[in-house]
Protein chains: 2
Amino acid sequence: MSNRSQHNGHTDVTGPAKPVQVTIGLVAKTAGVSRATVSRVMNGNPKVAPDLAERVRTAARELGYEPSPVARSLALGRTGIVAMLVPDLGNPMFQGVLHGLTAAAGEQNYRLLVADSNENVNEEPVLAIEARRRCDGLVLCAPRMPDEQLHALAPRLSPFVLINRELPGIETPMLMIDFAIGIRDLVAHLLGLGHRKLAFLAGPDTSASNRIRLETLRAGAGENYELVELPCGVTFADGHAVADQLLDLDVTALIAYNDLVAFGALSRLHELGIKVPAQMSIVGFDDIPFARYTTPPLTTASVPHDQLGPEAWRRLWGLMNNEEPEQNVRFRPRLQVRGSTGPAPD
Amino acid sequence: MSNRSQHNGHTDVTGPAKPVQVTIGLVAKTAGVSRATVSRVMNGNPKVAPDLAERVRTAARELGYEPSPVARSLALGRTGIVAMLVPDLGNPMFQGVLHGLTAAAGEQNYRLLVADSNENVNEEPVLAIEARRRCDGLVLCAPRMPDEQLHALAPRLSPFVLINRELPGIETPMLMIDFAIGIRDLVAHLLGLGHRKLAFLAGPDTSASNRIRLETLRAGAGENYELVELPCGVTFADGHAVADQLLDLDVTALIAYNDLVAFGALSRLHELGIKVPAQMSIVGFDDIPFARYTTPPLTTASVPHDQLGPEAWRRLWGLMNNEEPEQNVRFRPRLQVRGSTGPAPD
DNA sequence: TTGTACGCGTTATCAC
DNA sequence: GTGATAACGCGTACAA
């Protein structure tokens with residue numbers, strides 16, 4: 001692409017060889033066959049005479065010919081690409097999924113188109129549609145997109161699989177995380193350590209997964225523990241910034257929206273001279289790779305990111321081939337106890 | 001795409017509306033105009049009668065028509081996509097670049113295709129070519145690809161810009177980091193603190209950037225300090241694993257190949273009960289976002305990742321428009337002193 | 001201003 | 001087995 005409009009300006013004969021597109025037609029002419037034959041050879045069609053095939057191959061090699069993916073896509077009606085839309089490439093949470101998806105799709109010679117909405121929720125619909133239209137399928141991760149909007153969008157995204165979120169009423173595979181169970185396990189762990197007043201560093205109001213976390217926490221509060229809710233965010237910086245508010249709240253344990261927030265808070269508490277977990281326990285959510293390496297290592301609800309990518313690919317593959325849809329899966333996080341939690345101080 | 005081969009099986013009239021592609025032809029027929037006119041309207045061509053334009057727009061809206069990006073790409077000779085190949089999406093080092101590139105390209109309505117070689121160096125040439133052919137330009141980050149291979153590859157990737165590495169003899173923009181200066185600044189900082197025996201946790205032998213770091217360190221060694229080289233790697237886990245070897249080496253400071261390795265080492269040293277920086281100083285390279293949040297925060301050579309993305313886009317844009325190439329840039333890392341370095345123990 | 005006709009590069013369907 | 005030829009969906013000279 002992109003060299004069609006090159007014109008040589010002046011027409012000196014000694015100028016640089018003009019880099020014209022090597023098309024299937026040129027190869028055909030060079031090899032003295034028809035374009036159809038070239039196409040057959042390039043696609044490994046067996047029923048072509050060996051000598052012809054060889055002529056085509058040498059011609060193609062010498063000319064440096066390679067079929068245009070764009071033209072192929074148009075003719076074939078498929079691109080060999082699937083897209084994934086993520087809200088933030090910087091969140092390690094998604095990288096595991098991306099890796100798994102890349103690998104799984106790659107085994108069947110599909111490539112991955114990654115679109116990053118950069119947490120810009122307004123752009124997501126158009127990004128999703130655009131990405132989807134350039135390829136054969138989509139993996140959508142848009143935790144903050146309103147339900148109605150997603151509903152309206154769904155028909156235009158098919159085939160696609162929804163990740164990390166649930167939306168009743170639409171007929172597409174959904175891979176979900178059981179945030180409620182994850183939260184309950186974390187709370188049980190903290191209660192077992194004697195904590196009775198917990199702070200929740202909340203994610204975005206608009207986030208479906210934040211809503212579930214919050215509802216679960218509220219449902220369990222009262223008898224067993226007291227809950228303090230602090231608006232926070234999803235990033236390292238958010239956690240870092242909110243930690244100061246914790247000082248005079250009298251809470252002994254912290255439930256962060258995700259691991260990143262937990263790290264931020266952990267870091268700030270350390271700066272403030274507050275010992276973790278002696279004076280304050282902290283738990284995260286996700287179990288991103290860093291979690292086991294912080295000081296102290298982070299207790300968190302471990303989400304099986306490795307499984308998400310391949311599973312998403314399988315669903316998408318099934319959809320693209322009109323196979324019977326498999327049952328939706330709700331992945332259960334596993335409580336991963338590390339050093340950031342300990343007995344509540346007296 | 002991908003719904004052309006759908007056939008309804010049986011032909012019951014009450015079946016679900018068959019999702020046929022809405023093409024420009026259908027819109028034209030519906031609006032009672034020619035396809036050319038539809039095309040003009042869709043592309044905002046001003047010289048079309050208002051009433052016709054309106055008819056086209058309503059028809060397009062009601063039919064849910066959107067031009068096929070693939071067909072457009074073929075007809076226009078450009079895709080509106082640029083690709084970037086990275087060795088590892090999981091490395092925060094690249095995420096800054098990706099963000100910047102996404103944003104810069106997005107402003108001119110270009111989308112980004114991210115290809116991840118997953119540190120699989122052998123796959124990189126194929127991935128690069130494939131990615132490149134599906135779009136209009138490429139940003140290549142392949143620090144471990146052998147020089148000759150990259151040389152041979154270059155003509156097939158044009159237009160492209162090379163990032164994070166230098167390769168004399170090819171005519172394409174290169175955005176480089178001055179690793180040598182970064183290393184020298186770090187060493188000077190450590191020497192100033194009294195350190196005289198330094199360990200280098202080396203990256204891959206094949207990595208160009210590792211070679212420069214190593215050469216710089218060796219060139220400075222002798223008079224001023226003693227250098228111990230430890231093969232390590234590029235990841236968190238690599239740094240974590242190598243730290244044990246440090247115990248009986250008698251070094252007082254650690255120069256990690258990058259921040260990730262530094263974190264790993266930092267974490268392991270903490271587990272081993274070695275105080276940083278009291279007993280051991282550690283420096284990294286890159287200044288990824290996490291660096292300022294570890295305990296202690298990491299002293300490192302700060303690479304201006306934010307500038308790389310936009311600059312890469314500018315170069316690529318220039319290339320794609322046959323503009324005069326700008327001068328190559330070599331970004332100078334800035335010494336960022338934080339808590340992980342301190343005076344050498346006696 | 002609008003429509004006709006052709007080209008983009010490839011694959012697929014036919015005849016031969 | 002092989003070669004014309006019509007798709008694929010769209011943009012755009014060119015003519016009207």
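In what follows, chains are A, B, ... by sequence order, proteins preceding strands, each numbered from 1.
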Checklist entry - Would you call R144(A)-E119(A) a salt bridge at under 4.0 Å N-O? => result yes

Next on the checklist: Would you say S34(A) places a side-chain N or O within less than 4.0 Å of OP1 or OP2 belonging to dG3(D)?
Outcome noted: yes

Next on the checklist: Any non-hydrogen side-chain atom of L112(A) less than 4.5 Å from a side-chain atom of L101(A)?
Outcome noted: yes

Checklist entry - Do any of residues 47-60 of chain A sit with a heavy atom less than 4.0 Å from DNA chain D, and if so which? => result K47(A), V48(A), A49(A), L52(A)

Checklist entry - Could you give the CG-to-C1' distance, from L26(B) to dC8(D), as a whole number of Å? => result 16 Å

Next on the checklist: Using the rule side-chain contact (heavy atoms from CB on, under 4.5 Å), only one of V48(A), V38(A), V27(A) pairs with V33(A); which is it?
Outcome noted: V38(A)

Next on the checklist: Nearest whole Å is fine: how far is dG9(D) P from R78(A) CZ?
Outcome noted: 16 Å

Checklist entry - To the nearest angstrom, how far is L74(B) atom CG from dT11(C) atom P? => result 12 Å

Next on the checklist: Go through it in stages, so that I can follow the logic: the residues are L175(A) and R314(A), the test is side-chain contact (heavy atoms from CB on, under 4.5 Å), and I'd like the CA-CA distance, side-chain angles, deciding distance and then a yes or no.
Outcome noted: CA-CA 11 Å; L175(A) 298 181; R314(A) 287 190 32 176; over 6 Å; no

Next on the checklist: Can you tell me which residue among R132(B), R156(B), R134(B) is in a salt bridge (charged side-chain N to carboxylate O under 4.0 Å, His left out) with E66(A)?
Outcome noted: R156(B)

Checklist entry - What class does the angle between the rings of W317(A) and Y110(A) fall in, given that below 30° is parallel, 30 to 60° is tilted and above 60° is perpendicular? => result perpendicular

Checklist entry - Roughly how bent is the helix from dT1(C)-dA16(D) to dC16(C)-dG1(D) end to end, in steps of 10 degrees, with each end axis from five pairs? => result 40°

Checklist entry - Can you check whether L140(A) reaches L150(A) side chain to side chain, under 4.5 Å on heavy atoms? => result yes

Item to check | Candidate pair T102(A) and N118(B), rule side-chain contact (heavy atoms from CB on, under 4.5 Å), full reasoning | outcome: CA-CA 9 Å; T102(A) 305; N118(B) 217 339; 5.6 Å; no

Item to check | Donor-acceptor under 3.5 Å (R133(B) side chain, P67(A) main chain) | outcome: yes

Item to check | Residues D136(B), I81(B); criterion side-chain contact (heavy atoms from CB on, under 4.5 Å); working and verdict | outcome: CA-CA 6 Å; D136(B) 305 334; I81(B) 303 183; 5.7 Å; no

Checklist entry - In whole Å, what is the span from the CG atom of N45(B) to the P atom of dT1(C)? => result 9 Å

Checklist entry - Can you name the one residue among P143(B), P87(B), C141(B) that meets side-chain contact (heavy atoms from CB on, under 4.5 Å) with N164(B)? => result C141(B)

Checklist outcome for this item: Reading nucleotides 11-16 of chain D from 5' to 3' and marking B where a protein heavy atom lies under 4.0 Å of the base, S where only the sugar-phosphate is that close, and - otherwise, the string is SBB---

Next on the checklist: Rounding to an integer number of Å, can you tell me how far R134(A) CZ sits from dC10(D) P?
Outcome noted: 13 Å

